[in-house]
2 protein chains.
Amino acid sequence: MQGLLNEWRRTNYTKNVTPDLTGQDVIVMGWVHEIRDLGGIIFVIIRDREGKVQITAPSKKVDAEILEDIRKLRKESVVAIKGTVQEANQAPTGVEIIPKEINLLNLANQPLPMDPTDKVKAEIDTRLDSRFIDLRRDNVSAIFKIKNRMFHTIRDFFYENGFMEINTPKLVASATEGGTELFPITYFEKEAFLGQSPQLYKQMMMSSGMDKVFEIGQIFRAEEHDTLRHLNEAVSIDAEASFMDDIDVMKILNNMLEQVIIDINEDCKEELNILEHEMPVPDGPFPVVTYDEAVDIVNSRDVEMSWGEDLSRAGEKALGDVMGGFYFLTEWPSEIKPFYVMPNSKDPTKAHAFDLMYNNLELSSGATRVHQYDVLVKQIEEKGLNVASFGSYLKAFEYGMPPHAGWGVGADRLAMVLTGVENIRETVLFPRDRHRLTP
Amino acid sequence: MQGLLNEWRRTNYTKNVTPDLTGQDVIVMGWVHEIRDLGGIIFVIIRDREGKVQITAPSKKVDAEILEDIRKLRKESVVAIKGTVQEANQAPTGVEIIPKEINLLNLANQPLPMDPTDKVKAEIDTRLDSRFIDLRRDNVSAIFKIKNRMFHTIRDFFYENGFMEINTPKLVASATEGGTELFPITYFEKEAFLGQSPQLYKQMMMSSGMDKVFEIGQIFRAEEHDTLRHLNEAVSIDAEASFMDDIDVMKILNNMLEQVIIDINEDCKEELNILEHEMPVPDGPFPVVTYDEAVDIVNSRDVEMSWGEDLSRAGEKALGDVMGGFYFLTEWPSEIKPFYVMPNSKDPTKAHAFDLMYNNLELSSGATRVHQYDVLVKQIEEKGLNVASFGSYLKAFEYGMPPHAGWGVGADRLAMVLTGVENIRETVLFPRDRHRLTP
């Protein structure tokens, strides 16, 4: 059988082939990024996840058999190359490898369905159809390296702050919040739905005494959006904490995002450079604007908005223009927030609810939750929802539910902010939207 | 409005109320675990996630109003108590709190739907129906504290070993492996399915050059199982690595699990005690038994098994009795392994595939994968599957797919092993099986 790895193992990622290894043998493995055959000398650039390195094959120094093997290579083929490291000022990384042995692991077909270099610009749909090639481009893999760092920091932050990780079911018997469209599913004899949020489950966990929990998981929304900010399958970062209120969990969210930005600046310098994106560490806590102030700002920018309305897209843009960067939007009208949000005890028309915005993009919603059974039932009724369908959720409020608060962050939207891309599809490996279900 | 947190904040978890704080004021928040009213003195045990502490209210030392408030409490109500710490040899933790102020945050209804202490044993179905109370029991929360540590260690292990976290779609257009039942879903005008495994996606990521990836996510299988080891929604820990073979990824799996066991022994001593479970750190690498040897062992234990058959439940038990603990089962017949598994180049009837077992429980399956397009197409055909339905997967093999290998571990089954429970439902907060879709 051809192309077997057998006893070959990589000794170094390309970026770890450095001039101080001169004279030593290394094995690199990766993709043929470029071949230049000048007759008497052949240059091959090998690319792996960590970078690129030049293979230099002068016909005088290298076996004829190896030269022949190199001439058979096609771009984007996968090879393992054993050779001797040599300092080379004229090579892109100041170093080259003189090949001694080649193992052709997989020959790439030609022509490629898209150009893996940036020379030919491709539309997003073409790119997503061949995502495995698209991801070979530096400016695409940079997005996912940053997103990987984002998740890593967020989990560390949760662990360090005493949050326990939970996994709640994605197959659910009823809608969590009225209004939003759900994907129905046949679960044996029963009808079920795909979870649009872990909201009710993370609240039930508060009644269990688990105190502080987080979940990073998929959510599914059957909304017929066709925008640059919505997907039908997304990843949500959810946190819920007992004996805390909206102000407490806003601080947690603020601290978490600050740490994410610090770590990305520290660990993803090269990726930010490739993306030509700057993400300065915020100078102090995120500013806060109340809903009342936001209505005034929006109207002052000639976008009509009455008190009690949600922000329109134009309203978000007007507000984002004035506020800029990260900011909390607080003291929302209770009427346009979900039933589980705690009203202000002095003025119940206002809720202990907040959104976190970045410019004109909503990243997170959070709130103090109602923990009193009677208030919760009343609010479910007032929203015109069916109390009976919330039976197993409501039960958790009857027998010792503590005060609690929490939030959910759209992970893919947060990745948009951190990487500076404008289409949410850029931040998801295999996005799902109104029209796309493959690959 | 009643039961508001207002300015109250916890100063200490109960376990951090220690004799060295004698004379200081603390605020604890939690559930009323026990009340004993001896007339002249009332004892209340307050429980939170981290433990329990005794509140001692002698009528001579404590305000009449506070005594009255305490007498109104019911078991499992949620309270915040401010008081002075005092050393007390006769108290369970050697310390007590003399209350100064009480904030009744939520009064629990009576009677409770199940007993949160271990005094009355409840059936698993009763417990799952009231999971939020079930989880207040030490021997239930211990399972999830161990599972939380398990995920934490696994993620750290992946990060430290250069694996990038990926999220692949759970809404998919076609079956990943033939034979297994899928949950169908209506995706706008199209038919879709819930992903039964990230297998094909993590393989496509190998073609992208991401090199080493992991995903911890939900998988969905519409199998009509009714056993102690199967659920219809489960969490799978998936890893895939380029330029590696089955032996390499077996080592990674072995090292990862060793680290998990080390960390659990270190950080979850109390939880293991509560569960009366020992999980000794394995002494060296997990033993390996080949499929051929396993057939002999099984037959020697009077369970019939022909070469080429999968292990029956009786076969797994016979093998588990002989092997014990963790062990790899290798060199499986190609015929009973999926199409994407690499056949042995010298004897193609055997595959570079392994299972990881613990006693008689299958925890993981892994393999070197086929990375050659032609071989893969041939194997898909040989399994009687429709090559056309694998279009977007196969495309990733045509243009530079490296050799790769990987595995998936059933997270909930691993948690069974680590906690010593015998029903997988014990290890999942809200399990989904043939009959259960709520809460």
Side-chain angles (χ1 to χ4, degrees), chain A residues 1 3 5 10 29 31 49 76-78 105-106 108-109 112 132-133 135-136 148 151-152 155 159 164-171 173 183-188 190 192 204 207-211 218 233 235 243 245 345 371-372 392 396 398-403 429-430 432 434 437-439, chain B residues 1 3 5 10 29 31 49 76-78 105-106 108-109 112 132-133 135-136 148 151-152 155 159 164-171 173 183-188 190 192 204 207-211 218 233 235 243 245 345 371-372 392 396 398-403 429-430 432 434 437-439:
Chain A
M1 207 181 293
L5 191 62
R10 169 197 280 148
M29 300 192 175
W31 284 257
R49 184 178 80 182
E76 297 304 315
S77 299
V78 181
L105 295 167
N106 218 343
N109 270 357
L112 297 164
F132 64 98
I133 293 189
L135 284 157
R136 296 180 193 174
N148 183 57
F151 280 128
H152 186 168
R155 292 184 191 284
Y159 293 138
M164 283 180 66
E165 181 169 3
I166 58 170
N167 295 106
T168 66
K170 304 309 159 206
L171 296 174
F183 286 115
I185 177 177
T186 306
Y187 189 79
F188 303 110
K190 294 173 195 147
M204 288 196 272
S207 182
S208 80
M210 235 185 232
D211 208 58
Q218 252 96 355
E233 177 175 348
V235 171
F243 307 111
D245 67 12
S345 57
H371 66 284
Q372 308 97 324
S392 63
E398 285 191 85
Y399 305 99
M401 174 65 89
L429 289 172
F430 301 100
R432 294 290 179 259
R434 182 77 184 76
L437 194 53
T438 53
Chain B
M1 208 183 289
L5 191 63
R10 168 197 280 148
M29 299 193 176
W31 285 257
R49 185 177 79 183
E76 297 305 314
S77 299
V78 181
L105 294 167
N106 218 342
N109 270 356
L112 297 163
F132 64 97
I133 292 188
L135 285 158
R136 296 180 192 174
N148 183 58
F151 279 127
H152 185 168
R155 292 184 192 283
Y159 292 138
M164 282 180 67
E165 181 169 3
I166 59 170
N167 296 106
T168 66
K170 304 309 159 207
L171 296 174
F183 286 114
I185 177 178
T186 306
Y187 190 79
F188 302 112
K190 293 173 195 149
M204 288 197 274
S207 183
S208 79
M210 236 184 233
D211 208 60
Q218 253 96 355
E233 177 174 349
V235 171
F243 307 110
D245 68 11
S345 58
H371 67 284
Q372 309 96 325
S392 63
E398 285 192 86
Y399 305 99
M401 175 64 90
L429 289 172
F430 301 100
R432 293 291 179 258
R434 181 78 183 76
L437 193 54
T438 52

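Note on naming: letters A, B, ... go to the chains in the order of the sequence lines (proteins, then strands), and numbering restarts at 1 for each one.
- Of the atoms belonging to S207(B), heavy atoms from both backbone and side chain fall under 4.5 Å from chain A.
- Using a 30° and 60° split on the angle between ring planes, Y187(A) and F183(B) fall in the parallel class, below 30°.
- Contact annotation for P403(B): only side-chain heavy atoms (C-beta onward) come within less than 4.5 Å of a heavy atom of chain A.
- Counting only distance, with no hydrogens or angles, the side chain of D211(A) and the backbone of R49(B) share no donor-acceptor pair below 3.5 Å.
- R136(A) touches chain B through backbone and side chain together, each having a heavy atom under 4.5 Å away.
- F430(A) meets the ring pair (Phe, Tyr, Trp, His ring centres under 6.0 Å) test with Y201(B); sequence neighbours excluded.
- Only the side chain of K190(B) comes within less than 4.5 Å of a heavy atom in chain A; its backbone stays farther off.
- The contact between Q218(B) and chain A is made entirely by side chain atoms (from C-beta outward), counting heavy-atom distances below 4.5 Å.
- F132(A) and Y399(B) have parallel rings, their planes meeting at less than 30° on a 0 to 90° scale where 60° marks the start of perpendicular.
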Subject >> Verdict with supporting geometry, F151(B) and Y159(A), ring pair (Phe, Tyr, Trp, His ring centres under 6.0 Å) >> reply: CA-CA 11 Å; F151(B) 279 127; Y159(A) 293 138; 9.6 Å; no
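- Both the backbone and the side chain of I185(B) come within contact range of chain A, judged by heavy atoms closer than 4.5 Å.
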**OP:** Go through the steps for E398(A) and N109(B) under the test side-chain hydrogen bond (donor to acceptor under 3.5 Å, both in side chains), then give the verdict.
**Re:** CA-CA 6 Å; E398(A) 285 191 85; N109(B) 270 356; 3.0 Å; yes
